[in-house]
Colleague: 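Shown below is the structure under consideration.
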Amino acid sequence: MLGDDNFADRRGPGPGPGFGDSREAPYAVPADGWAADGEDQPVLDLAVYWRLALKYRFLIIGCFLGALVIGATLTLLMTPIYTAQATLQIDREAARVLDTEDVVPRENMMQGEEFFQTQYGLLRSRSLAERVIESLGLASSNEALEAMGVAPPEVGGTAAAQAAHRRAAALGALQNNLSVSPVRGSRLVAIGYDNPNPVVAARIANGFAENFIQSNLDRKFESSSYAREFLEERIAQTKERLESAERQLVAYAANQQIINVGEPSEGEAEGGSTQSLTSNNLVALNSALAQVRAQRVAAEERWRSARSSELMTLPEVLQNPSIQRLTEQRAVLDAEYQQKLSVYQPDYPEMVRLRAQIEEADGQIRTIAGNIRSSIRSQYEIAANQERSLQAQVTGLTGDVLDLRDRSIQYNILQRELDTTRTLYEGLLQRYKEVGVTGGVTANNISIVDLATPPREPSKPNMLLNMALAALLGLGLGVLAALVLEALDETVATPDDVEKKLGVPVLGVVPLLEKGQTTADALADIRSGFSEAYYSLRTALQFSTPDGAPSSLLVSSARPAEGKSTTAYAVALNLARVGKRVLLVDGDLRNPSMHRMVGVENERGMSNLLSGSADLAGVVQRTRHENLFFIPCGPLPPNPAELWGGDRLRQFLAETRNNFDHVVFDGPPVLGFADAPMLAAAVNGVLFVLESRGTRRGQARGALRRIQVGRAHLLGAVLTKFNAKSTSYGGYDYAYDYHYGAEPEQEDVKKGKRG
């Protein structure tokens, strides 16, 4: 026991708050378990995923290795499958043997892709598979099915029913194991078939190639055959229509007396209409009338000129040979007369004779000129008469032609129908001849480039591919399992979890003790990481309030065995080591354990003090550490909550402020009891202890809410039993060691010296 002199002049920093104090809790627990300070969370933090991978590395590696083992086992148990391939060349059009149109539609460049996709679909079609089955006899017996690796159907019934089931089984096997692989950028396509027997695989692949070519030829032949039958039927119908049209035209022409002569000219279209006899006559007369009219106009113009001009000035007279000859003779006679007039008298016989000759020549000239004028008049009269005659004939024929045209309307209709039918008939005959020629030419646009040969090595299973897929699957499953476990993990493992999930600052992180190491030994070694962690916690407590470490401190946890007693003892011991008078109180009146850690008896203690059966000096005990005093629990009371709720706790705190610098309470767990919330409301600060990977988030949040119900001052949290070797937080390990900068060999030597 301590005397009263031991408590004299040992006042703390000032009176602390009592039960009635109104204090706001500096930290509130968010309802969603995440920090509610509005901090921006990174969108993608690779360090978080790396730590998650390290945390669940054994699970991920186990899934990875398990998937590899399973993949390798399944691959080795699989039946080897061989793939045989035949290569085809598919052209848009076949080689043109004849320069004629084919009856099958021709494809252009715009339709090329559609054409090739159609060919690929035909290769995968059920009809081609059935043709292969029929040509190779794949469904002829159960032995044939077994040879191609298909289990025969176990069915009864008639032979036809069994054959149908075998055919269905073979068809399903062909369609499931067939592969059509176009070669990009070319007109080649590879037809592959998978089968456990390489010979069967090559045989079926070649069967598909050959039957595809034959089916293409058959489709073309069927198209030509259909075209011939269709053309024959249309030719017969068109021939009947042509004969009927000819009979109708001839009958109508005979009835209407329409006579057409001549053939259509080269410039006219074939089958054009010919000219009628009346029309030809009208054309001829009209042409003659034009000529006669031109002649009459010319004759009239000459007669008008001859009638109004002097007779001897007419061009016809001047150009007449007889007049020109007579004029020359007269000129000779007149010259001779004038010559002899100088010798003879006019009445001289010779002169009289010459004059008579001259007068006779003049008479002949006048007679011939008159005849010429009369001839011009006669020509004009003849031309006028011819014009009038022809005009009358043309007028008559014009009426006949108009009447003929009225009667030729129906004739022309019948003629056009006859010409159209004749053209159609001739076209059908020509097309029928072309189809007959092209139908006999075996032109094909598909050819075999390479026949399939039995492969030497199996294509399935692919060990490397299967192992890669198994590795990816195992890794994915491991990562997925890790993410699911992390999402379901409610434990608080790291300081980051404490701050994010609980919204409480971390004041200290206490490492996990190694196997065989006790708490007393770890705290006794001031250079150990365990002691360093509590030194750091003491420093954090000194900065937790404006006045330094709180004068009264409660250390509690959500549940038992989280390290709160060790934390309370270590905090009190470290405060005492810096010269503070510290009173350590075992406040767990239900399951006390601090007296065993301190090494004192538990005969009298806090229960006696709160019940009034003892005073402070009667329960305080010295410890083996200087400045550290201890009050054990004492006898277990029947109702500890009533003792904590009385006025003696407030009196006790007031009395300790006069004798000690700090009072540290080792409180009971918060969950399940009312002791801790009542005690937390009375002290200046509460230190909440969490066990790494031992405390669940729900438990911690519930405990924090209960502590803050009485408006207690929560200073922060301490994370205990933290495995610093296996957990890396934020890129730095939580390890406390004086020799963190030493070389490995020097560090081992120093550790040996400490040992």
Side-chain angles (χ1 to χ4, degrees), residues 493-495 506-544 549 553 555 557 561-586 593-600 621-630 632 661-662 664 666 687 689-694 716-729 732-755:
T494 63
V506 178
L507 300 182
V509 179
V510 181
L512 179 67
L513 292 176
E514 298 180 358
K515 291 183 179 181
Q517 188 179 14
T518 63
T519 303
D521 296 338
L523 290 175
D525 184 5
I526 61 174
R527 294 178 177 272
S528 66
F530 196 76
S531 297
E532 283 294 326
Y534 282 112
Y535 292 157
S536 177
L537 175 60
R538 181 198 64 191
T539 303
L541 287 174
Q542 291 177 351
F543 294 98
S544 61
L553 175 67
V555 180
S557 63
E562 292 194 65
K564 61 179 180 56
S565 298
T566 302
T567 301
Y569 176 72
V571 170
L573 179 61
N574 281 283
L575 289 174
R577 285 175 176 173
V578 296
K580 302 291 185 178
R581 287 176 60 86
V582 182
L583 177 61
L584 178 61
V585 180
D586 190 353
S593 61
M594 185 64 73
H595 62 281
R596 291 189 292 270
M597 183 178 297
V598 178
V600 299
Q621 301 183 33
R622 285 184 176 275
T623 65
R624 62 180 179 273
H625 301 285
E626 186 180 359
N627 295 329
L628 179 61
F629 301 88
F630 175 63
D661 294 321
H662 301 283
V664 179
D666 177 23
L687 187 62
V689 178
L690 296 166
E691 180 185 356
S692 177
R693 300 188 184 279
V718 178
L719 189 64
T720 62
K721 303 179 184 180
F722 182 75
N723 191 350
K725 295 182 179 179
S726 62
T727 305
S728 176
Y729 172 67
Y732 300 93
D733 291 338
Y734 276 85
Y736 300 90
D737 196 343
Y738 281 107
H739 308 288
Y740 59 86
E743 295 295 331
E745 296 181 357
Q746 299 176 359
E747 186 175 351
D748 293 340
V749 173
K750 294 178 180 179
K751 287 184 178 179
K753 291 180 179 180
R754 289 200 303 270

Colleague: Closer than 3.5 angstrom, by distance alone: can the side chain of S692 be matched with the main-chain N or O of A493 as a donor-acceptor pair?
Modeller: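 Yes, S692 side chain to A493 backbone: donor-acceptor pair under 3.5 Å.
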Colleague: Could you walk me through whether R693 and N723 pass the side-chain contact (heavy atoms from CB on, under 4.5 Å) check?
Modeller: CA-CA 9 Å; R693 300 188 184 279; N723 191 350; 5.9 Å; no
Colleague: Is any side-chain heavy atom of L575 closer than 4.5 Å to a side-chain heavy atom of D661?
Modeller: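 SC-SC contact between L575 and D661 ruled out.
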Colleague: Which heavy atom of L628 sits nearest a heavy atom of A572, and at what distance?
Modeller: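 Closest approach of L628 to A572: CD1-CB, 3.7 Å.
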Colleague: How many angstroms lie between atom OG of S593 and atom CG of D586, to the nearest 0.5 angstrom?
Modeller: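 Separation between the atoms: 6.0 Å.
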Colleague: Going by the side chain to side chain contact (heavy atoms under 4.5 Å, CB included) test, name the single residue among V585, V582, T623 that passes it with F630.
Modeller: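 Among the candidates, only T623 passes.
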Colleague: Under a 3.5 Å distance rule, please check whether E562 uses its side chain to pair with a backbone N or O of E691 as donor and acceptor.
Modeller: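 Judged by distance alone, yes, a pair lies under 3.5 Å.
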Colleague: Flag the pair R538 / V578 as yes when at least one side-chain heavy-atom distance between them is below 4.5 Å, and no otherwise.
Modeller: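 Of all side-chain heavy-atom pairs linking V578 with R538, at least one is under 4.5 Å.
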Colleague: Got a second to check how far H662's NE2 is from L584's CG, nearest 0.5 Å?
Modeller: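 Nearest 0.5 Å value for the NE2-CG distance: 13.5 Å.
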Colleague: Which heavy atom of T539 sits nearest a heavy atom of F543, and at what distance?
Modeller: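 Shortest heavy-atom contact: O-CD1, 3.0 Å.
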Colleague: About how many Å separate CG of L541 and OH of Y534, when rounded to the nearest 0.5 Å?
Modeller: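 CG of L541 is found 11.5 Å from OH of Y534.
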Colleague: Taking all atoms of both residues into account, what is the closest heavy-atom pair of P495 and V509, and its distance?
Modeller: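 That would be CG-CG2, 3.6 Å.
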Colleague: Please examine the side chains of R622 and F629, heavy atoms only from C-beta on, and report whether any two atoms are closer than 4.5 Å.
Modeller: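 Result yes, sub-4.5 Å side-chain heavy-atom pair found.
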Colleague: Can you confirm whether V664 sits close enough to Y569 that some side-chain heavy atom of one is under 4.5 Å from a side-chain heavy atom of the other?
Modeller: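 No. Closest side-chain heavy atoms not under 4.5 Å.
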Colleague: I'd like to know if the side chain of S531 and the backbone of A522 have a donor-acceptor N/O pair within less than 3.5 Å.
Modeller: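 Present.
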Colleague: For the CG atom of L523 and the CG atom of N574, what is their distance to the nearest 0.5 Å?
Modeller: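 Between atom CG of L523 and atom CG of N574 there are 7.5 Å.
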Colleague: Using the side chain to side chain contact (heavy atoms under 4.5 Å, CB included) definition, which of the options D521, L512, T519 pairs with F530?
Modeller: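 It is T519; the other options fail the test.
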Colleague: Could you grab the distance from atom OG1 of T720 to atom CG of L537, nearest 0.5 Å is fine?
Modeller: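 It comes to 11.0 Å.
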Colleague: Write down the atom of N627, the atom of K580, and the distance for their closest heavy-atom approach.
Modeller: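 Shortest heavy-atom separation between N627 and K580 comes out as CB-O, 3.2 Å.
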Colleague: For the backbone of V598 and the side chain of R624, can you confirm whether one donor and one acceptor N or O come within less than 3.5 Å of each other?
Modeller: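 Yes, R624 side chain to V598 backbone: donor-acceptor pair under 3.5 Å.
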Colleague: Are side-chain heavy atoms of T566 and M597 found at a separation under 4.5 Å?
Modeller: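 T566 vs M597: side chains touch.
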Colleague: Minimum heavy-atom separation for K564 to V555, with atom names?
Modeller: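 In this case the closest contact between K564 and V555 is O-CG1, 3.5 Å.
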Colleague: Under a 4.5 Å cut-off applied to non-hydrogen side-chain atoms, are V571 and V718 in contact?
Modeller: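 When only atoms from C-beta onward are counted, V718 and V571 do not touch, as no gap falls below 4.5 Å.
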Colleague: Would you name the heavy atoms of A576 and E626 that are closest together and state the gap between them?
Modeller: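 Smallest interatomic distance, heavy atoms only, reads CB-O, 3.6 Å.
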